[in-house]
There are 2 protein chains.
Amino acid sequence: MSALPDTASPLYEKVKDYILTNIGTGKWTKDSKLPSENEFVAALGVSRMTVHRALRELTSAGFLIRLQGVGTFIAPPKPQSTLIEINNIAAEIVARGNRHRSEVLVLEKITPTKELSLSFEFAKRTAVYHSVVVNFENDLPVQLEERFVNPSLIPDYDKQDFSKTATYDYLMQKTPVTEVEHIISAVPADAETARHLAINVGDCCLLLHRRTWTGAVVATISKLTYVGSRYSLGSRYSPSRKT
Amino acid sequence: MSALPDTASPLYEKVKDYILTNIGTGKWTKDSKLPSENEFVAALGVSRMTVHRALRELTSAGFLIRLQGVGTFIAPPKPQSTLIEINNIAAEIVARGNRHRSEVLVLEKITPTKELSLSFEFAKRTAVYHSVVVNFENDLPVQLEERFVNPSLIPDYDKQDFSKTATYDYLMQKTPVTEVEHIISAVPADAETARHLAINVGDCCLLLHRRTWTGAVVATISKLTYVGSRYSLGSRYSPSRKT
DNA sequence: ACGCGGGAAAAGTATATACATGTATGTATA
DNA sequence: TATACATACATGTATATACTTTTCCCGCGT
């Protein structure tokens with residue numbers, strides 16, 4: 001009867017997933033106020049303490065901001081951590097004082113292959129958005145960005161003009177990332193990649209596979225190919241950070 | 001009457017302070033078990049839920065480890081996070097069920113080049129340890145590991161037998177890492193690298209540059225070269241992790 | 001028009017209670 | 001002796017309840 005998902009086992013985790021998913025789907029926006037604890041109690045049929053724990057943990061995780069006597073709000077997007085930042089290539093290029101430009105090669109809605117559907121952890125074969133963008137630094141292509149996006153979380157992905165807004169910025173603004181997976185490898189360029197990046201077949205490329213989750217749902221799957229001789233990924237991390 | 005400090009205002013924060021203080025003063029040691037929740041209730045005169053919240057938050061902050069049905073223990077020093085783990089190639093290989101073997105090519109004390117001395121942020125040109133090790137997975141070389149180590153932090157680095165103990169394990173045990181810097185790139189193999197890794201010159205390699213700090217001092221500088229076709233780096237990260 | 005006071009609403013804390021779940025241990029039985 | 005069961009104890013979760021603290025807003029009086 002209740003609107004709670006069937007994902008996590010403890011009840012407060014279900015409430016957390018429920019809230020994160022509804023933030024992801026835009027049910028509550030940045031400006032509006034989330035329901036109060038008592039409204040959640042009425043809507044979900046759980047006790048207030050359980051709702052409170054879910055909200056408290058989401059707050060300490062940085063997703064929400066709560067003001068006593070006022071209400072609960074969605075936290076502004078945070079820089080997350082370490083490896084997540086490396087995806088914002090546009091900001092990096094600009095930060096280096098260079099010019100950034102994008103070229104959108106593909107922006108469509110497709111039926112995923114069986115393998116891709118598996119990566120999305122879909123039960124059924126649901127259509128997903130597919131985009132291919134080349135990012136230039138001073139008119140030199142440095143990155144080929146292929147991305148698959150879950151339309152249940154980001155329904156209007158294909159309405160955007162990604163030659164102006166970076167795909168990264170758009171996604172970060174639309175849905176909170178609760179988990180990230182990265183796989184980094186070095187591969188020789190195939191014919192198509194070489195053409196798009198203006199390099200020779202066989203040249204070294206840095207390949208970054210990336211999956212992001214919002215709650216229990218896979219939000220995006222990306223395949224980022226960097227020209228080895230023109231780009232490297234950097235990160236700096238201090239473990240001495242608190243929750 | 002109660003042993004609780006007069007520091008923080010909410011009661012559960014006082015309980016947290018109380019527990020942390022007693023860990024700090026050595027009242028409970030690494031091996032012994034902390035009092036049970038009910039024992040805390042009897043000792044401090046607060047409800048079990050309040051004790052539970054204090055213990056839960058200390059656990060999620062990484063100070064404690066709790067086992068249902070067993071008890072509460074002091075957590076071992078932090079396993080750090082994300083990218084740090086990817087350096088322990090020996091553990092990864094073993095975890096995949098494969099055989100790991102190391103070959104030490106160089107283990108010496110050298111005077112660093114001007115550039116290297118700069119990377120160490122040395123004021124004067126101080127001698128550093130230098131090691132080169134090849135790591136094998138089932139007798140196939142997968143990684144070439146060149147490392148420079150600050151002798152003021154790890155004075156007996158050159159006395160070790162790194163064909164037995166992984167350099168990573170040894171360093172992690174000797175000095176705490178407070179900060180890590182990574183730079184990842186894809187490069188073609190040069191002649192010497194190709195020879196050590198049994199690949200062709202020009203083959204794609206994943207190059208990981210790594211610097212670690214202990215406090216304000218650079219502890220290690222590493223250059224890790226992975227065979228692109230035999231290895232990739234993976235990581236998974238949850239901003240809202242529970243542990 | 002202005003200010004002030006009071007009440008409603010929201011989050012924060014604390015407790016008592018109950019039950020669930022996992023672990024270790026001792027005892028009875030095959 | 002070894003296995004199975006019962007039991008005690010530990011943490012984990014869920015609820016109901018009460019009270020506190022803070023903020024917002026509406027209506028009243030001047």
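Not measured: the values here are computed from a predicted model.
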Undergrad: Which residues pass the salt bridge (charged side-chain N to carboxylate O under 4.0 Å, His left out) test with A:R125, not counting sequence neighbours?
TA: none
Undergrad: Who passes ring pair (Phe, Tyr, Trp, His ring centres under 6.0 Å) against B:Y12, sequence neighbours left out?
TA: none
Undergrad: Treating primed atoms plus P, OP1 and OP2 as sugar-phosphate and everything else as base, which nucleotides of nucleotides 5-14 of chain C get B, S or - for protein heavy atoms under 4.0 Å?
TA: -----BBBBB
Undergrad: Which residues satisfy the side-chain contact (heavy atoms from CB on, under 4.5 Å) test with A:E108, sequence neighbours excluded?
TA: A:V106, A:I110, A:H130
Undergrad: First and last nucleotide of DNA chain D in contact with chain B, 5' to 3', at under 4.0 Å to a heavy atom: what are they?
TA: D:dA10 to D:dA14
Undergrad: Which residues pass the side-chain contact (heavy atoms from CB on, under 4.5 Å) test with B:N22, sequence neighbours left out?
TA: B:Y18, B:T25, B:K27, B:W28
Undergrad: Does D:dA8 have a Watson-Crick or wobble mate here (both distances under 3.5 Å), and if so which one?
TA: C:dT23
Undergrad: Restricting to side-chain contact (heavy atoms from CB on, under 4.5 Å), what partner residues turn up for B:P141, sequence neighbours left out?
TA: B:V134, B:F136, B:L197, B:A198, B:R230
Undergrad: Is any NZ, NE, NH1 or NH2 atom of the basic residue among A:E57 and B:R56 found under 4.0 Å from an Asp or Glu carboxylate oxygen of the other?
TA: yes
Undergrad: Return the set of residues passing ring pair (Phe, Tyr, Trp, His ring centres under 6.0 Å) with B:H52 (not counting sequence neighbours), or none when no residue passes.
TA: none
Undergrad: Using the side chain to side chain donor-acceptor pair (under 3.5 Å) criterion, which residues pair with A:R48? Sequence neighbours excluded.
TA: A:E37
